[in-house]
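See below for the structure under consideration.
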Amino acid sequence: MNQALGWSLPMDYLKLWIKGHPGTAKLNHSPTSDITLNNENTLALLNHANWHLEYSRYQTGTYNIPLPHKVVASNPALKLTFIIKNWSELQP
């Protein structure tokens, strides 16, 4: 993707972030990793690996787990909005 479009996406992190999981930011709490939870104790904001993620809505997913419906991911060069209409069974 970087070669074709000039976009650099952290795919290892992104597959966790899109599920509302902070990835290594949770383990490596540092000045470059900030986590904010909402009233339901799910991610509201995440700053990690030069990316800012905003989680504005959740839906009940597989096994009654709250999963993001809308995620906005941005860095200084790029802004992406993910709208997830339906979650199928999660794979590890």
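When a residue number appears, it is its place in the shown sequence, counting from 1. Quick note: numbers below take in every heavy atom, side chains included, and nothing from hydrogens, waters or symmetry partners.
Contact between L67 and K19 at its shortest, heavy atoms only, is CD2-O, 3.7 Å. In terms of heavy atoms, L46 sits closest to P22 at CD2-CA, 3.9 Å. Here the closest heavy-atom approach between residue Y58 and residue N38 is recorded as CE1-ND2, 4.0 Å. Nearest heavy atoms, W87 versus P68: NE1-O, 2.9 Å. Nearest heavy-atom pair across P66 and T42 is CG-CG2, 3.9 Å.
Taking the six-membered ring where tryptophan is involved, the planes of W17 and H48 are perpendicular, since the angle between them exceeds 60° and thus also 30°.
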Are K70 and T81 close enough, and set up right, to give a side-chain contact (heavy atoms from CB on, under 4.5 Å), and what steps lead you there?
CA-CA 7 Å; K70 182 178 180 183; T81 301; 4.0 Å; yes
Can L16 and I18 be said to form a side-chain contact (heavy atoms from CB on, under 4.5 Å), step by step?
CA-CA 5 Å; L16 293 170; I18 206 74; over 6 Å; no
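With rounding to the nearest 0.5 angstrom, the CG atom of L14 is 7.5 Å from the CH2 atom of W51. For the atom pair L37 CG and L45 CG, the distance stands at 9.5 Å (nearest 0.5 Å).
In this structure, the side chain of Q59 engages the main chain of I84 through a donor-acceptor pair within 3.5 Å. The closest donor-acceptor contact from the side chain of H52 to the backbone of N47 lies at 3.5 Å or more, if one exists at all.
For the residue pair T60 / N64, no side-chain donor-acceptor distance below 3.5 Å is found, with atom types taken as modelled.
By the criterion of side-chain heavy atoms lying less than 4.5 angstrom apart, applied directly or through intervening Ile, Leu, Val, Met, Phe, Trp or Tyr residues, L53 is not grouped with I83; the two fall into different hydrophobic clusters. Criterion: ILVMFWY side-chain heavy atoms under 4.5 Å apart, direct or through other members. Under it, L43 and V72 are not part of a common hydrophobic cluster.
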